[in-house]
*Asks:* 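What follows is a single structure, and I will ask about it in a moment.
Counting starts at 1 for both ligands and their atoms, following the listed order. A quick note: this is a predicted structure, and the numbers were derived from the prediction, not measured.
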Amino acid sequence: MLKTIRKQNQTVSTSTVTDRSLPAIPWQPRPADSIDIIWRHDKNPIIGRRPIPCAQGVYNSAVVRYKTGYVGIFRVDHKDRVPRLHLGHSHDGLAWTIEPEPIVLSGAASEIRKMEYAYDPRLCQIEDYWYITWCNGYHGPTIGLARSKDFITFEQLENAFLPFNRNGVMFPRRINGRYAMLNRPSDNGHTPFGDIFYSESPDLTFWGKHRFVMGAGGQWWQGVKIGAGPTPIETEHGWLTFYHGVLGTCNGFIYSMGAALLDLNEPWKVLYRTNEPILAPELSYEIGGNVANVIFPCACLHDRESGKFAIYYGAADTCTCVAYTNRDELIAFIKNHSEV
Ligand code: BMA
């Protein structure tokens with residue numbers, strides 16, 4: 001089916017990595033007493049607050065299968081509380097070794113080389129490269145962009161947008177011939193608003209043709225702001241897109257996870273969108289930490305054959321967690337719980 005969809009779009013994936021050559025994704029079956037569409041890994045958090053000496057929190061991070069194992073780009077808040085990006089490796093996607101020093105990017109124009117801070121990375125394979133997008137400090141938050149072929153050297157490209165922007169999430173193939181990215185215009189603080197937009201680029205330098213995708217509002221749980229999460233997953237029902245939705249309370253924000261299906265050819269068109277969170281802060285590591293009540297998904301491993309999903313999310317701006325679901329059940333859930 002995917003092949004047919006790509007043919008209609010006249011888009012050819014030149015990916016050289018097939019699911020078959022990759023390791024099985026982390027997985028635990030749904031517990032008998034689970035009543036929700038998503039269930040948590042029973043040994044969460046998989047990465048705690050201080051896996052390396054400089055860290056004061058490791059969360060909101062990107063993970064992919066690579067060769068016979070896994071690599072990740074991790075948000076590490078240092079003890080000075082400035083977030084930086086660190087590379088990590090794992091043989092099973094659950095036990096991680098994180099490099100003690102931040103990753104070094106090269107190749108950028110001197111004006112943008114200095115990253116004042118770097119957080120909330122996403123990873124996306126497009127053709128021969130792995131692309132990293134992150135919230136990059138350049139006179140305020142904007143979307144940084146870098147790429148690598150081997151996770152040894154990293155080439156920094158131009159920032160995608162003007163400040164202020166967050167949650168830049170690339171699509172894993174060109175759409176109608178252009179690179180495509182979800183993003184969330186914002187302000188320089190703890191933004192009390194936020195809608196998801198779509199932008200495209202012919203060359204990864206110049207981004208335009210901006211389209212509104214979906215906004216905050218509707219139900220309270222996503223009433224203040226929303227932002228795209230992991231790299232969208234192509235399905236015959238549309239681009240399956242996880243996102244975070246934010247509730248405003250008298251004690252601050254509460255971040256939960258929602259999901260949507262976007263049109264394959266025109267991803268700014270929302271086909272379905274959950275009218276309730278698919279995962280909300282409940283357990284101790286989600287409701288307590290550096291920032292209470294935060295679930296923030298940034299990566300999802302997907303096994304196409306079985307339809308298994310392993311979703312990586314940051315909990316309470318402190319630690320890294322995993323949750324599981326099944327593609328077909330989730331798509332049915334989104335369609336049955338949609339506000340669109
Ligand atoms: C957002 C980002 C996220 C963070 C969240 C909750 O604005 O900074 O990195 O997880 O706030 O603090």
*Asks:* For a quick test of your reading: what N or O donor-acceptor pairs under 3.5 Å do the side chains of residues 245-255 make, sequence neighbours left out?
*Replies:*
residue, atom, partner, partner atom, Å
Thr249, OG1, Asn251, N, 3.0
Thr249, OG1, Gly252, N, 3.1
Thr249, OG1, Gly252, O, 2.7
Tyr255, OH, Lys225, NZ, 3.2

*Asks:* Between Arg65 and His302 (side chain of the first, backbone of the second, donor and acceptor by atom type, cut-off under 3.5 Å), is there such a pair?
*Replies:* yes
*Asks:* Treating Tyr312 as the side-chain partner and Gly93 as the backbone partner, does any N or O pair qualify as donor plus acceptor under 3.5 Å?
*Replies:* yes
*Asks:* Kindly confirm or rule out a cation-pi arrangement of Arg147 over Tyr129, judged by NZ or CZ under 6.0 Å from the six-membered ring centre and within 45° of its axis?
*Replies:* yes
*Asks:* List ligand 1's nitrogen or oxygen atoms that come under 3.5 Å of a protein nitrogen or oxygen, with the partner atom and distance.
*Replies:*
residue, atom, partner, partner atom, Å
ligand 1, 9 (O), Asn60, ND2, 3.2
ligand 1, 9 (O), Arg75, NH1, 2.7
ligand 1, 9 (O), Asp120, OD1, 3.0
ligand 1, 9 (O), Asp120, OD2, 2.6
ligand 1, 10 (O), Asn60, ND2, 2.9
ligand 1, 10 (O), Asp317, OD1, 2.6
ligand 1, 11 (O), Tyr255, OH, 3.0
ligand 1, 12 (O), Asp317, OD2, 2.6

*Asks:* Does Gln222 form a side chain to side chain donor-acceptor pair (under 3.5 Å) with Arg273? I'd like the steps, not just the answer.
*Replies:* CA-CA 11 Å; Gln222 53 183 344; Arg273 172 182 176 187; 2.9 Å; yes
*Asks:* Which is it for Arg211 and Glu266 under the salt bridge (Lys or Arg N to Asp or Glu O under 4.0 Å) test, yes or no, and what are the steps along the way?
*Replies:* CA-CA 10 Å; Arg211 296 282 185 275; Glu266 298 175 311; over 6 Å; no
